[in-house]
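Input: a single structure, listed below in structure tokens.
Reminder, nothing fancy here: chain letters follow the sequence lines and each chain counts from 1.
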Amino acid sequence: MGGTASKVFRRASKPAREFNLESRVERILDREKPTPAPRHPGTEHINLPDSAKMKEDLFEADTELLKRLEEVYVTSHDTWAGQKDAVGKSRPLPVDKETIADKPYGYSEPRKISYGKTTLKNVLTFMTDHNQSPDEWNSTKISEKFKLDKENVDHILKYYNLFTLILPGKHKVIKYDAEATKTLGAQRVIQLPAPESKQI
Amino acid sequence: MFLRNFNKILPNKIFIRNILTKDNKTTAVFLNDAVGAPLMINSLNQKGFRLNNNFSVIGSMIIFPRTVLSWRVKEAEEVNAESLSLFTILEPKLDVIIIGKGDKENVISLKTIQQMRSKGNSLEILPTEQACYTYNFLVSEGRFVAAALLPPKSLTISISDGQDIDLKLLNDVEL
């Protein structure tokens with residue numbers, strides 16, 4: 001209730017407070033040197049430094065301080081040099097800086113192959129073996145060697161095979177990467193003889 | 001319309017790299033032609049596929065990032081768990097197996113999909129053309145993917161394909 005009353009009073013008295021405000025402010029600002037605000041009674045006895053002298057001191061070099069600085073000399077003792085060898089023996093930095101080899105078959109070789117599974121490289125191997133000697137490398141022997149289900153091996157040998165790479169005669173040069181053909185899975189490479197005349 | 005000697009040429013993904021050289025030039029590289037690129041499919045027709053190493057593959061094929069195998073499957077009906085058995089024994093497991101079922105209207109049975117899924121292999125079954133796009137895209141990202149592709153019996157011909165037809169071949173067109 002009291003708050004509201006004072007608010008109402010301040011509202012009502014505002015015109016009286018602001019009467020002739022601008023001219024009063026101007027009058028104070030026009031004075032050459034405004035009178036400083038009175039100091040707190042608690043700090044009245046403290047002598048404030050002369051501001052003009054402070055400015056001069058800032059721009060002058062203090063000879064005494066400079067003399068002290070000359071006496072300072074920093075030395076360092078390399079204690080790490082000994083430690084480095086001791087640590088380096090137990091934990092040597094890597095020496096091998098070779099880049100990681102490209103994955104030849106497009107996948108990184110697994111360290112462990114679980115039972116009943118094999119890598120693509122092995123699949124190509126047993127397909128090549130089977131094509132060369134089907135009787136010796138039958139599905140039973142393959143499944144035993146690569147730890148695969150015989151049924152799976154039978155299906156793979158039935159439905160999948162390796163390609164035969166046929167290279168055209170020499171007049172038509174085909175650019176291909178010889179390294180890449182090793183992983184391609186082409187079992188036989190047949191080089192056709194060069195035709196005597198170019199046919200259209 | 002049947003175009004003899006017509007190859008459906010697949011759009012080549014362009015990889016643009018900005019290298020700060022003396023001239024400060026930007027170079028664009030076709031991903032299919034990049035040095036050390038994995039095997040990708042450049043074009044296809046009713047008989048087979050042409051790869052980015054200039055080899056033509058006749059018939060159905062299984063394509064891995066560095067290996068091609070022939071696949072003794074001619075029709076989409078023959079695609080079943082037995083003819084896809086190679087994918088189930090591979091270690092490391094393939095990220096995705098893409099199956100190009102040939103033409104759009106071919107159907108691969110739900111049983112096959114369920115059988116493969118139960119073995120933990122995810123199949124992506126698409127018409128062969130789209131399967132080739134998808135395979136090229138995935139393999140260019142360095143994933144271990146494989147595509148089992150049947151050559152399509154019909155090819156879609158778009159307006160942009162006309163630019164690829166060699167003018168000499170137009171004499172062979174049978175309408």
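Across B/Gly59, B/Pro92, B/Ser60, B/Ser83, the residue that shares the most heavy-atom pairs under 4.5 angstrom with chain A is B/Ser83.
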Intermediate values then yes/no, side-chain contact (heavy atoms from CB on, under 4.5 Å), B/Leu84 and B/Trp71
CA-CA 10 Å; B/Leu84 293 170; B/Trp71 197 28; 3.8 Å; yes
Tell me, with the steps shown, if B/Thr128 and B/Cys132 meet side-chain contact (heavy atoms from CB on, under 4.5 Å).
CA-CA 6 Å; B/Thr128 301; B/Cys132 291; 4.2 Å; yes
Audit row: B/Leu149, B/Leu44, side-chain contact (heavy atoms from CB on, under 4.5 Å) steps and yes/no
CA-CA 10 Å; B/Leu149 303 168; B/Leu44 71 151; over 6 Å; no
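Heavy atoms closer than 4.5 Å to chain B are found in the side chain of A/Leu124, but not in its backbone. Within the 4.5 angstrom heavy-atom criterion, only backbone atoms of B/Ile58 (N, CA, C, O) approach chain A. When heavy atoms are compared at a cutoff of 4.5 Å, B/Leu90 approaches chain A by way of both its backbone and its side chain. When heavy atoms are compared at a cutoff of 4.5 Å, B/Val57 approaches chain A solely by way of its side chain, counted from C-beta outward. Residue contact with chain A, scored on non-hydrogen atoms closer than 4.5 Å, is absent for B/Ser56. With a threshold of 4.5 angstrom between heavy atoms, B/Val68 approaches chain A through its backbone and through its side chain.
Going from atom CZ of B/Arg50 over to atom CG of B/Asn42 covers 8.5 Å, rounded to the nearest 0.5 Å.
Checked by atom type and distance alone, the side chain of B/Tyr135 pairs as donor or acceptor with a backbone atom of B/Phe64 at under 3.5 Å. The backbone N or O of B/Ile41 sits less than 3.5 Å from a side-chain atom of B/Asn136, completing a donor-acceptor pair. A donor-acceptor pair under 3.5 Å links the side-chain atoms of B/Asn45 to the main chain of B/Gly48, judged by distance alone. The main-chain N or O of A/Ala5 is never found under 3.5 Å from a side-chain atom of A/Arg10 such that the two would form a donor-acceptor pair.
For residues 112-121 of chain A, a heavy-atom distance under 4.5 Å to chain B picks out A/Lys112, A/Ile113, A/Ser114, A/Gly116, A/Lys117, A/Thr118, A/Thr119, A/Leu120, given by residue number. Against chain B, the residues from residues 143-159 of chain A that qualify, each with a non-hydrogen atom under 4.5 angstrom away, are A/Leu148, A/Asn152, A/His155, A/Ile156, A/Leu157, A/Lys158, A/Tyr159 in number order.
A donor-acceptor contact closer than 3.5 angstrom is absent between the side chains of A/Asn131 and A/Thr128. If you check the side chains of A/Asn122 and A/Thr125, you find no donor sitting under 3.5 Å from an acceptor.
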Residues 52-67 of chain A side chain polar contacts: donor-acceptor under 3.5 Å, at least two apart:
from: A/Asp62; atom 1: OD1; to: A/Glu64; atom 2: N; distance (Å): 3.2
from: A/Glu64; atom 1: OE2; to: A/Arg68; atom 2: NH2; distance (Å): 3.3

Donor-acceptor pairs are to be reported for all side-chain atoms of residues 96-119 of chain B against protein atoms at under 3.5 Å, with residues two or more places apart or in another chain.
from: B/Lys101; atom 1: NZ; to: B/Lys104; atom 2: O; distance (Å): 3.4
from: B/Lys101; atom 1: NZ; to: B/Asn106; atom 2: O; distance (Å): 3.1
from: B/Asp103; atom 1: OD1; to: B/Lys153; atom 2: N; distance (Å): 3.0
from: B/Asp103; atom 1: OD1; to: B/Ser154; atom 2: N; distance (Å): 3.2
from: B/Asp103; atom 1: OD1; to: B/Ser154; atom 2: OG; distance (Å): 3.4
from: B/Asp103; atom 1: OD2; to: B/Lys153; atom 2: N; distance (Å): 3.4
from: B/Asn106; atom 1: ND2; to: B/Lys101; atom 2: O; distance (Å): 2.7
from: B/Ser109; atom 1: OG; to: B/Thr112; atom 2: N; distance (Å): 3.4
from: B/Ser109; atom 1: OG; to: B/Thr112; atom 2: OG1; distance (Å): 2.7
from: B/Ser118; atom 1: OG; to: B/Gln115; atom 2: O; distance (Å): 2.6

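At a threshold of 4.5 Å between non-hydrogen side-chain atoms, the residues B/Ser70 and A/Tyr160 do not count as touching.
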